[in-house]
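Notes for the one structure printed next.
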2 protein chains.
Amino acid sequence: MPKTRTKSKFREYLLTQGLKSTQQRELILEEFLRAGSHLSTEDLYLRLRKKNPRIGYATVHRTLKLFAECGIAEQRHFGDGQARYEASDQGEHHDHLICVTCGRIVEFEDPRIEQLQDEVAAEHGFSIERHRLELYGSCSSCRQA
Amino acid sequence: MPKTRTKSKFREYLLTQGLKSTQQRELILEEFLRAGSHLSTEDLYLRLRKKNPRIGYATVHRTLKLFAECGIAEQRHFGDGQARYEASDQGEHHDHLICVTCGRIVEFEDPRIEQLQDEVAAEHGFSIERHRLELYGSCSSCRQA
DNA sequence: CTGCTATTGATAATCATTTTCATGGAATGG
DNA sequence: CCATTCCATGAAAATGATTATCAATAGCAG
């Protein structure tokens, strides 16, 4: 999704919820889209502070939650104890490969796995809303080292 | 794995690590095995307090970590903010179905999914050490209600 | 512009987890 | 059997991430 569309989607969400479009929220969204994915609240906070020291951690945190609420970002937990957010590609789901040595995160998608997940869930009488699949291991460069 | 074997495995681990077999560690292991799986530290702590009020939270916490270290338990995170532990079936891996309504947790295993995971990882040059697969949805009883 | 209300940001509170540290206990070597 | 050493324990405090509080500020509608 192009950045401009993400921005209008966010503004629209604010409108429909009776929330206000503020300078901070614009700045935070701007930086969130500029920076790579899988940022923690702190990552983003620090990046923002460099450009504008007058921005609070709480605001970054609240705004990221807003992003998640309106569907332009998703929260993730990779086991290092802090939440990370990534821009969501609108219905495009993907899973993650995480290198336990260097921390590199690679996204992937496999419809066959998704298909099997649905089957397994059905066998147990479940209907799936969402899932989480993370593969932890070593990437090729770390194995060579 | 039978409980008695788990206990000896734990005692053996303590020995090889130069650690001591204590009354508390025995009690905690006993209760951990008695109680169902997927217990949080606090769950176990509260259960233990009922029988023996002279046991500290920190000890339960430390002992659960010991269980994980020696391979008789595994730590899990299901997104409710607290770690849970389950007895590990010695190499037998399984994944989880979690009902988002009632919180019920069902274990499952599917070699076809595991196989595909390995393939996908290989395509990206990764060699997998472990993985996490959780399916969140509604169980049949919650959907009927 | 005015007033109402949401937002902000510094700070404090919370929650789970982890560390600290003085005390107690287990095992080992005299 | 005793002493010594070192580990374990548990109460309390520290930590780290997240969330709530609240007075001051800033959007937005009229």
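First the proteins, then the strands, lettered A, B, ... as listed; each starts at 1.
Closest contact between the side chain of A:K20 and the listed nucleotides C:dA6, D:dA11, D:dT18 involves C:dA6. For A:H61, the listed nucleotide lying nearest its side chain is D:dT19; candidates were D:dA8, D:dT19, D:dG10. Nearest to the side chain of A:K65, among D:dA11, C:dT17, D:dT19, sits D:dT19. Nearest nucleotide to the side chain of A:A83, out of D:dT18, D:dA8, C:dG9: D:dT18.
A donor-acceptor contact under 3.5 Å links the side chain of B:R62 to the base of D:dG10.
Aromatic ring orientation, A:F108 versus B:H124: tilted (interplanar angle from 30° to 60°).
One interatomic measurement links the two molecules: CD1 of A:I55 to P of C:dA10, which rounds to 10 Å at whole-angstrom precision. Between the CD atom of B:E42 and the P atom of C:dT18 there is a distance of 14 Å, rounded to whole Å. Here the P atom of nucleotide D:dC28 and the CZ atom of A:R25 are 10 Å apart, to the nearest Å. Atom CG in A:D80 sits roughly 11 Å away from atom C1' in D:dA17 (whole-Å rounding). Atoms CG (A:L15) and P (D:dG27) sit 15 Å apart, rounded to a whole Å. Here the C1' atom of nucleotide D:dG10 and the CG atom of B:N52 are 12 Å apart, to the nearest Å. C:dT18 atom P lies 12 Å from atom CD of B:E69, rounded to whole Å. Rounded to whole Å, the distance from NE2 on A:H77 to P on C:dA16 is 14 Å.
Regarding contacts with the backbone of C:dG9, a side-chain N or O of A:Q24 is found under 4.0 angstrom from either OP1 or OP2. Taking only side-chain nitrogens and oxygens, A:Y57 comes nearer than 4.0 Å to OP1 or OP2 of D:dT18.
The neighbour count for B:R34 CZ, taken as heavy atoms of other residues, nucleotides or ligands under 6.0 Å away, is above 12.
Ion pair B:E74/B:R76 flagged as a salt bridge, since at least one NZ, NE, NH1 or NH2 atom sits closer than 4.0 Å to an Asp/Glu carboxylate oxygen. Taking a cutoff of 4.0 Å between a charged side-chain nitrogen and a carboxylate oxygen, A:K7 and A:E26 do not qualify as a salt bridge. Ion pairing between B:K51 and B:E30 fails under the 4.0 Å rule for side-chain N and carboxylate O.
Ranked by how close their nearest DNA chain D nucleotide is to the 5' end, A:S21 and B:T22 are led by B:T22. Of the residues near DNA chain D, A:L19 and B:R54, the one whose nearest nucleotide (by heavy atom distance) lies more toward the 5' end is B:R54. Along DNA chain C, the nucleotide nearest to A:Y45 and the one nearest to A:L66 differ in position, and the one closer to the 5' end is contacted by A:L66.
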